[in-house]
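Note that ligands are numbered from 1 as they come in the structure, with each ligand's atoms numbered from 1 the same way.
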Amino acid sequence: KIDVKTSRKSAAKSVPVKIPSTSSEIPAHVPYLLVGGGTAGFSAFRAIKSLDAKAKVLILSEEGYLPYMRPPLSKEVWYDPDSEKKDELTFKQWNGSEKSLFYEPEDFYISPKELDENPNGGVAVARGWRVERIDPFKRIAYLEDGHEIKYEKCLLATGAKPKSLNIFSKAPEAIQKHITTFRGIPDYVELNEIVKETDSIAIIGGGFLGSELACALSRRASLENPKLKVYQIFKEPGNMHKVLPEYLSLWTTNKVAKEGVHIIAGSEVQDVKLEGNEVSLMLNDGKKVSVNKVIVAVGVEPNTYLAEKSGLEVDPDCGGFLVNAELEARSHLYAAGDCSCFYDIKFGRRRVEHHDHAVISGRLAGENMVGAGKPYLHQSMFWSDLGPDIGFEAIGIVDSSLPTVAVFAKASEKDSPKAIVAESNDNIRSNLEANVSTTSSSPSPVNTQKTSAENTGTDDYGKGIIFYLRDELVVGIVLWNVFRRMTVARQVLKDDRKYDDLNEVAKLFHIFDE
Ligand code: FAD
Ligand code: NAD
Ligand code: NAD
């Protein structure tokens, strides 16, 4: 069990604790080496283990933690007061049941120095250790201190790191103390202390992280620190504007504002100054916002710095290690998760930064490391919750610059992330693909159909299906407050048909039945 005191100590951002403390305790030869102990790495381990029961797997992770999931860090962890928690690194799912951030407890893993000897194999994690370079020809990974690990199969699952903006990264040290990015447990532990006392936080960015965190911190403020003001500043007109059609993005922004977030949309930070104990953000429209803390959530860049030294190719457009449909970068060397730019046979070259993709691509890489030789065929999904009441799930190419057609229906209390977690007791919604029939029972009349051109701030977009079209084919689907219908969405994408009337297709999702 990871105790809170240890985790607080190791949370000191600049010093991840190294376990083991010396590389001499890390094996010099392993059958399976996983570089990166995030979701993709852990998923690869599970796949390897299921096909090769006595496999010996070594995970090397730069983070000072055992593999854990990131999604709750911008959602559930903030929704119950800290004082009520037994352990900071557990959280209450939307239905109130407790869960750990960690995939498995400490005693699930064996120590790296025992890996070689153990006849039943197992998985060991060397924490706080970073791979500097790979020699794909000799099949050797080099640690930061020069220690060499010879592997038979290796996976790169190095994930991504947050970007910043020049205006902040080039600011003087005194200003930078007020600026942070947000990616992992140490960021959460630090911010969790800050929200208890501080008066004001500004989140820069209107994407997934900025929007989820703004809602979450605002809700947390109402529970524990009512004086805390949460601002969200972004240049787009509405939240998640790159994914949601304009009218829905604007509608969502209203909802985020109702959560208590002070939204400043359509704005850019042009200058930053230190004024007493606050930083003042000068916006392009002449406004000034003064806050104690700034969280920069302007996207991530894949961790590919070892590519050049290792002779590996990085995709010039998407970033990420370039891999084929079998997720191979070179012979015996694979890449999965946020860090990989893979060939999707259906939609072409892509890099996807979501949890379920990390699970699915990690699993596929793991299977292929054992010799399955399978291509990427199964589309991953993703979900986002803006608190317990609004959420969506998506699959395929969901890019708001594509034409969209949407069908909405009135929602009830059952149509919320909270209700679906109460029913399933699982916060990881990719786990919930239930078998839902794709044949519709006598459909009710369609209520609303919107295209991306329309903009109606007053409509109540309680729940609905949004289709994203390319060359008239459905290439992506958002299930807006509609849950457990991903199987249907997957089937619609697979069918690859041109539909005359997407209202009819929407009926397959049974949104009018309840
Ligand atoms: P990561 O999780 O980034 O793991 C990579 C690991 O590799 C890290 O531990 C890193 O330290 C390590 N590493 C990097 N380089 C090296 C090296 N050279 N040597 C050793 N180790 C190295 N997605 C969703 O679909 N739904 C959500 O609701 C959702 N919520 C999110 C909330 C937050 C706060 C964040 C940050 C992300 C969220 N995501 C969500 C995205 C999702 O978490 C990521 O897509 C996923 O974590 C990617 O997994 P990964 O294993 O590829 O990379
Ligand atoms: P930048 O600061 O030059 O900003 C670029 C654009 O964003 C400009 O249009 C600017 O007006 C706008 N902008 C700046 N601050 C804003 C704000 N607070 N709100 C809204 N809009 C704002 O940054 P960049 O060149 O886009 O890069 C961002 C950071 O990411 C930099 O630190 C850069 O080094 C890094 N980056 C690295 C890579 C890479 O190494 N592959 C790729 C991209 C970005
Ligand atoms: P994002 O890509 O979703 O959003 C980036 C935001 O930053 C956008 O609003 C964008 O306009 C803005 N931006 C980009 N460049 C900028 C610039 N130069 N200046 C000003 N603004 C700029 O990324 P994120 O919200 O930072 O999330 C971080 C990572 O975590 C992503 O990989 C994301 O997919 C993942 N994440 C996913 C979920 C989810 O799937 N539910 C939740 C949280 C985080």
Quiz item: With backbone taken as N, CA, C and O and side chain as the heavy atoms from C-beta onward, which portion of Leu60 lies under 4.0 Å from ligand 1: side chain, backbone, both, or neither?
Solution: backbone

Quiz item: Can you list the atoms of ligand 1 that are under 4.0 Å from a heavy atom of Ala358?
Solution: 48 (C), 49 (O)

Quiz item: Side chains of Lys153 and His332: do they bring a donor and an acceptor to under 3.5 Å?
Solution: yes

Quiz prompt | Numbered atoms and elements of ligand 3 in range of Lys242, under 4.0 angstrom, heavy atoms | solution = 10 (C), 11 (O)

Exercise. Examine the proximity of ligand 1 to Trp383 and report which part, side chain or backbone, both or neither, has a heavy atom under 4.0 Å away.
Key: both

Exercise. Using a strict 4.0 Å cut-off to heavy atoms of Asn303, name the atoms of ligand 1 that fall inside it.
Key: 14 (C)

Practice problem: Please name the pair of heavy atoms, one in Lys293 and one in Thr180, separated by the smallest distance, quoted to 0.1 Å. | Solution: CE-CG2, 3.8 Å

Quiz item: Counting each atom of ligand 3 from 1 as listed, which ones have a heavy atom of Leu165 under 4.0 Å away?
Solution: 17 (C), 18 (N), 19 (N), 20 (C)

Practice problem: Please state which part of Met69 comes within less than 4.0 Å of ligand 1, counting heavy atoms only: side chain, backbone, both or neither. | Solution: neither

Quiz prompt | Heavy-atom nearest option to atom 45 (O) of ligand 1, drawn from Val131, Val359, Leu156, Asp338 | solution = Asp338

Exercise. Answer yes when Asp285 and Lys287 have at least one side-chain N-carboxylate O distance shorter than 4.0 Å, and no when they do not.
Key: yes

Self-check item: For Trp383, atoms of ligand 3 separated by under 4.0 Å from a heavy atom
Solution: 39 (C), 40 (O), 41 (N)

Practice problem: Run the contact test for Tyr305 against ligand 1 with a 4.0 Å cut-off on heavy atoms, strictly below, and give the result. | Solution: yes

Quiz item: ligand 3 versus Phe234, non-hydrogen atoms closer than 4.0 Å: side chain, backbone, both, neither?
Solution: neither

Quiz prompt | Distance-only donor-acceptor check, side chains Asp356 and Ser380, under 3.5 Å | solution = no

Practice problem: Can you figure out which of Glu212, Glu236, Lys161 has its heavy atom closest to atom 8 (C) of ligand 3? | Solution: Glu236

Practice problem: Test the Arg219-Tyr79 pair against the cation-pi criterion, namely NZ or CZ under 6.0 angstrom from the six-membered ring centroid and within 45° of the ring axis. | Solution: no

Quiz item: Taking the minimum heavy-atom distance to atom 6 (C) of ligand 3, which of Gly391, Ser74, Ala297 ranks first?
Solution: Ala297

Exercise. Report the part of Asp385 in contact with ligand 1, treating N, CA, C, O as backbone and CB onward as side chain, heavy atoms under 4.0 Å; options are side chain, backbone, both, neither.
Key: neither

Quiz prompt | Note: Glu212-Lys75 ion pair, threshold 4.0 Å (strictly below) | solution = yes

Quiz item: Would you say the side chains of Ser249 and Asn239 form a donor-acceptor pair under 3.5 Å?
Solution: no

Quiz item: Does one side chain, of Gln232 or His262, offer a donor that lies under 3.5 Å from an acceptor on the other?
Solution: no

Quiz item: Do Thr39 and Tyr103 meet the criterion of a side-chain donor-acceptor pair at a distance under 3.5 Å?
Solution: yes

Exercise. Could you check which of Glu212, Arg70, Glu393 puts a non-hydrogen atom nearest to atom 2 (O) of ligand 1?
Key: Arg70

Quiz item: Does ligand 1 have an atom under 4.0 Å from some heavy atom of Lys75?
Solution: yes

Practice problem: Would you check if the side chain of Arg130 reaches a backbone N or O of Glu144 as a donor-acceptor pair within less than 3.5 Å? | Solution: no

Exercise. Return the option from Pro302, Ala157, Gly36 holding the heavy atom at the smallest distance from atom 5 (C) of ligand 1.
Key: Ala157

Quiz item: Do you see a donor-acceptor pair shorter than 3.5 Å between the side chains of Glu63 and Tyr68?
Solution: yes

Self-check item: Proximity to ligand 1 by part of Ala160, non-hydrogen separation under 4.0 Å
Solution: backbone

Quiz item: Looking only at distance, does Val300 have an N or O less than 3.5 Å from an N or O of ligand 3?
Solution: no

Exercise. Using a strict cut-off of less than 4.0 Å between a Lys/Arg side-chain nitrogen and an Asp/Glu carboxylate oxygen, indicate whether Glu104 and Arg46 qualify as a salt bridge.
Key: yes

Self-check item: 4.0 Å heavy-atom contact, Ser384 with ligand 1
Solution: no

Self-check item: Sub-4.0 Å atoms of ligand 1 with respect to non-hydrogen atoms of His354
Solution: 23 (N), 24 (C), 25 (O), 45 (O)

Quiz item: So which of Thr253, Ile233, Val230, Asn254 actually passes side-chain contact (heavy atoms from CB on, under 4.5 Å) with Ile263?
Solution: Thr253

Quiz item: For ligand 3, which part of Met240 has a heavy atom less than 4.0 Å away: the side chain, the backbone, both, or neither?
Solution: neither

Practice problem: Compute whether any side-chain donor of one residue and acceptor of the other, for Trp78 and Asn192, lie under 3.5 angstrom apart. | Solution: no

Practice problem: Counting heavy atoms only, name the option from Arg133, Glu353, Lys161 that's nearest to atom 41 (C) of ligand 1. | Solution: Glu353

Quiz item: Of all the heavy atoms in Trp129, does at least one lie under 4.0 Å from an atom in ligand 1?
Solution: yes

Exercise. Determine if the distance from atom 39 (N) of ligand 1 to the closest protein heavy atom is below 4.0 Å.
Key: no

Exercise. Would you mind finding which of Ile204, Thr181, Val298, Val243 brings a heavy atom closest to atom 12 (C) of ligand 3?
Key: Val298

